[in-house]
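Note that the coordinates shown come from a computational prediction; the quantities given were computed from them, not determined experimentally. Remember, it's 1-based here, ligands and their atoms both numbered in the order they're listed.
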Amino acid sequence: MFKTLILLFVIIISPQAKLIGQQTSTYLKAGHLYDSKNNTLLKNKLIQIQGTKIISIGEFSSLPKNHRAIDLTDYTVLPGLIDAHTHVLFSQDANEDFAAHSIQSLTMESNALRVLRGFKRAQSYLDQGITSIKDLGNSGLYLDVALRDAINEGTIEGPRIFASGPILAAYGGQIYGVLPEHQNIIDLEYRIITSPEDARNAVREDVNQNVDLIKICADNVPNKTHLTIDEIKSIVKTAHSHNLTVTAHCITNQSAWNAIEAGVDGIEHGINLADSTLTKMAEKKIFLVPTENSRSYMATYAKLAGYEQDEIGWIENYLERNKDRLNKAIDKGVPIVAGSDNYTDIKVSRGQSSKDMFTYYFEAGMKPLDILQSSTYISAVQLKKENEIGYISPQATADIIAVKGDILNDFIATIENVVFIMKDGKVYDNKTD
Ligand SMILES: [Zn+2]
């Protein structure tokens, strides 16, 4: 008891104890500030930051005397961007076959090498102002979770990672053509579901390894296997009971329909969604993460993949179809979340490649502010983190960037021109000085 009293006394009179309540503030003067919740641009706002958190947003005149602010008056200040569909622990060349490359990676690339390469890719997102990524599998057995933890504890610098762990999939996963006697290789990359009962255990394994969300492959196209509605229902029920969301990779319309029936929270890709499926998604407020690419990306990809000039007519059809589906989804009121799914090496950094999603959405007709909202606030809502990231507001984490240019009238050039990056209240890059 005496010891406790002495300790209490020391804490009360210690000068350091006083400092704990008086953390110094950092101030940012934003010429334009994007309000991602209300999808509008505000003028001349002062952002106060303490430690890792945003404290207040006020007028320039509220800057206390004798305090200097980081001057971003010539720029547009945005919440740190979010890419909702990444695979930082996987990379393949444009001319490589996905299954063959996966087998090669699983048998010839050690986990240590894979994580180190993944770290470099992850960091390149932060370099581009993408302060959070949702990493959706093809990451071995929880290597994404390890990478996330190393970043969160400050061992290495990188974006905030929301990790799914191994993808839950039906027999064979997405790695087609593997003989029965070698199916154990698939278990190194996917969690193969054999029944609704097994599905429940698979989610428990993920929970036990501290994943942030559950990713499933509702279908395995071009593999013909797919999860059943009952298996997906079991996954959703168990995940939701642990406060985890479920997002479903869907290539066929039927698998998307099954996933929606089973109660998933999001659909990834959804390239073949029928009108009736989109209507149902809008009714149930199920998020769509369209992961297609722009015309210039596809031209680069086709060249690297070895297509001749007269063999790339399909690119225009690809762009038209995706544009049509995206606009139908928007018209019906499906919440759109921005995600790149860029895992092909197109000879730029992964983070740079990821930013192609902005060009794709813009080419497909989305308005600049709507694209920003899809890559900030709506993406945070999908993660159930809208009070923490994707919105510059009091109590949120200070993940803040600034871009140079006219965001409304010169969107692509401006979103590419990131001049200031802050993550967790710490300035990561500042090119304005
Ligand atoms: Zn993907």
Side-chain angles (χ1 to χ4, degrees), residues 82-94 96-99 101-102 105-106 114 117-118 121-122 125 130 132-140 142-145 147-148 159 161-170 172-176 186 189-191 206 211-223 226-227 245-252 255-256 259 264-273 287-294 297-298 301 318 322 325-326 336-346 350-351 353-357 360-361 374-375 379 382-383:
I82 306 169
D83 184 342
H85 192 126
T86 70
H87 299 283
V88 294
L89 288 141
F90 186 87
S91 176
Q92 72 173 86
D93 290 340
E96 276 181 311
D97 173 74
F98 171 79
H101 178 71
S102 293
S105 169
L106 288 168
R114 197 171 176 184
R117 287 169 169 169
R121 285 181 210 117
Y125 284 83
I130 299 170
S132 294
I133 60 174
K134 198 170 85 188
D135 204 66
L136 296 178
N138 299 99
S139 46
Y142 303 100
L143 301 182
D144 49 350
V145 171
L147 191 55
R148 176 201 67 190
I161 295 181
F162 296 95
S164 72
I167 300 168
L168 278 47
Q174 292 174 293
I175 306 178
Y176 38 84
I186 311 293
E189 193 81 332
Y190 294 83
R191 175 58 170 84
D206 275 359
V211 301
D212 298 292
L213 73 153
I214 303 292
K215 160 88 180 287
I216 67 167
C217 272
D219 63 59
N220 289 336
V221 172
N223 244 352
H226 58 82
L227 293 171
T245 58
V246 179
T247 200
H249 160 107
C250 299
I251 298 304
T252 69
S255 76
V264 300
D265 306 282
I267 300 286
E268 308 290 322
H269 321 299
I271 49 174
N272 294 306
L273 295 175
F287 298 90
L288 174 64
V289 185
T291 57
E292 291 86 41
N293 289 104
S294 73
Y297 176 100
M298 291 310 292
Y301 167 80
Y318 162 92
N322 295 337
R325 195 274 276 99
L326 179 61
I336 305 294
V337 170
S340 69
D341 194 27
N342 283 1
Y343 55 79
T344 303
D345 184 357
I346 58 155
R350 182 64 69 83
S353 169
S354 155
K355 273 198 155 173
D356 180 65
M357 65 184 182
Y360 158 60
Y361 298 133
S374 285
S375 53
S379 195
Q382 187 189 24
L383 287 160

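Qualifying ring pair (Phe, Tyr, Trp, His ring centres under 6.0 Å) partners for F98, counting only residues two or more places apart in sequence or in other chains: F90. In this view, Y361 satisfies the ring pair (Phe, Tyr, Trp, His ring centres under 6.0 Å) rule with no residue, not counting sequence neighbours. With sequence neighbours excluded, the residues that form a side chain to side chain contact (heavy atoms under 4.5 Å, CB included) with V221 are D219, I251, T252.
Under 3.5 Å, the side chains of S91 and D345 contain no donor-acceptor pair of N or O atoms.
Listing protein N, O or S atoms at distances below 2.8 Å from the Zn ion (ligand 1), with waters left out, gives H85 NE2, H87 NE2, D341 OD1.
Of the inter-residue distances, the one linking M357 atom CE with N293 atom CG reads 11.0 Å to the nearest 0.5 angstrom.
A perpendicular orientation is assigned to the rings of H85 and H87, their planes being inclined by more than 60° (bins at 30° and 60°).
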